[in-house]
Amino acid sequence: MLHLYGIPNCDSVKKAVQFLHRNKIPFRFHNFKEEGLSKQKIAAWCVAVPVEKILNKKSTAWKLLSAVELEKAGTLPGAIALMSKYTNLVKRPVAEKPGIILTGFNETDYSKHFQHG
């Protein structure tokens, strides 16, 4: 089953949810503001895709980090620790299905990876 990670009020997450509903693709939504996001889950994503695709450096949360935190983000363990502490640093949504992890919402990618099973 497809798991969609994000927060409900995020515009990209809303677009992904609308796409999945419109195309009758079953999924489980994980609201990481309420349910949290473990370091292990973030680390698994960072093994599957480059950390640059997971860590959202365009976010307001990124801009509010201290110099020490920004330096920590330069290492994989540091980036994972920061994303687990500040979940707004995670690029939303993260769509996860066995063998597939997509970050952000791109309708073409969702159609390619999720519409046919």
Side-chain angles (χ1 to χ4, degrees):
M1 167 164 288
L2 173 65
H3 283 79
L4 190 71
Y5 295 82
I7 56 176
N9 64 339
C10 171
D11 288 340
S12 295
V13 171
K14 288 177 185 178
K15 289 176 187 174
V17 168
Q18 289 169 354
F19 174 88
L20 296 170
H21 284 310
R22 187 172 62 248
N23 291 284
K24 298 178 175 59
I25 300 167
F27 68 98
R28 180 195 178 280
F29 183 71
H30 180 102
N31 180 344
F32 55 68
K33 282 291 184 194
E34 292 181 3
E35 299 177 64
L37 202 51
S38 71
K39 286 182 183 177
Q40 293 80 7
K41 176 56 73 180
I42 297 168
W45 291 340
C46 291
V47 167
V49 298
V51 68
E52 294 81 19
K53 289 191 173 201
I54 305 288
L55 180 60
N56 186 359
K57 292 184 177 181
K58 294 180 181 176
S59 70
T60 302
W62 176 260
K63 294 172 183 141
L64 297 174
L65 292 177
S66 70
V68 171
E69 290 171 319
L70 289 171
E71 188 175 329
K72 274 187 192 177
T75 69
L76 183 58
I80 291 168
L82 283 170
M83 287 186 279
S84 68
K85 182 176 180 180
Y86 306 114
T87 56
N88 280 344
L89 290 173
V90 175
K91 183 162 178 68
R92 299 180 302 262
V94 176
E96 178 184 51
K97 191 173 180 178
I100 300 167
I101 295 175
L102 300 178
T103 58
F105 175 70
N106 178 294
E107 189 164 342
T108 302
D109 289 343
Y110 272 53
S111 293
K112 177 181 174 186
H113 292 288
F114 303 136
Q115 272 193 300
H116 302 290

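Counting heavy atoms from C-beta on, the side chains of Phe19 and Ile25 come closer than 4.5 Å. Considering only heavy atoms from C-beta on, Ile7 comes within 4.5 Å of Phe32 through its side chain. By the 4.5 Å heavy-atom criterion applied to side chains, Pro93 and Ser12 are counted as neighbours. With contacts defined as side-chain heavy-atom distances shorter than 4.5 Å, the pair Glu69/Leu82 qualifies.
Distance check, rounded to the nearest 0.5 Å: NZ of Lys57 to NZ of Lys63 gives 13.0 Å. Rounding to the nearest 0.5 Å places CD of Glu52 at 13.0 Å from NZ of Lys91. Of the inter-residue distances, the one linking Gln40 atom CD with Ser84 atom OG reads 9.0 Å to the nearest 0.5 angstrom. Atom CG of Leu64 and atom OH of Tyr86 lie 9.5 Å apart (nearest 0.5 Å).
The hydrophobic clustering, which links ILVMFWY residues whose side-chain heavy atoms are closer than 4.5 Å, places Phe105 and Val49 apart. If you chain together hydrophobic residues whose side chains sit under 4.5 Å apart, Leu37 and Ile80 fall into the same group. Criterion: ILVMFWY side-chain heavy atoms under 4.5 Å apart, direct or through other members. Under it, Leu70 and Ile54 are part of a common hydrophobic cluster.
When all heavy atoms of Pro26 and Met1 are compared, the closest pair comes out as CB-CE, 4.0 Å.
A side-chain contact (heavy atoms from CB on, under 4.5 Å) with His113 holds for exactly one of Leu102, Ile101, Leu2; it is Leu102. Among Phe27, Trp45, Phe29, the single residue meeting the ring-ring contact (aromatic ring centres under 6.0 Å, His included) criterion with Tyr5 is Trp45. Applying side-chain contact (heavy atoms from CB on, under 4.5 Å) to Leu89 and the options Ile42, Leu65, Asn56 leaves one that passes, Leu65.
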After noting the C-alpha distance and the side-chain angles of Glu35 and Lys41, does the key distance pass the salt bridge (charged side-chain N to carboxylate O under 4.0 Å, His left out) rule?
-> CA-CA 12 Å; Glu35 299 177 64; Lys41 176 56 73 180; over 6 Å; no
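Asn88 meets the side chain to side chain donor-acceptor pair (under 3.5 Å) test with Lys33, Arg92; sequence neighbours excluded.
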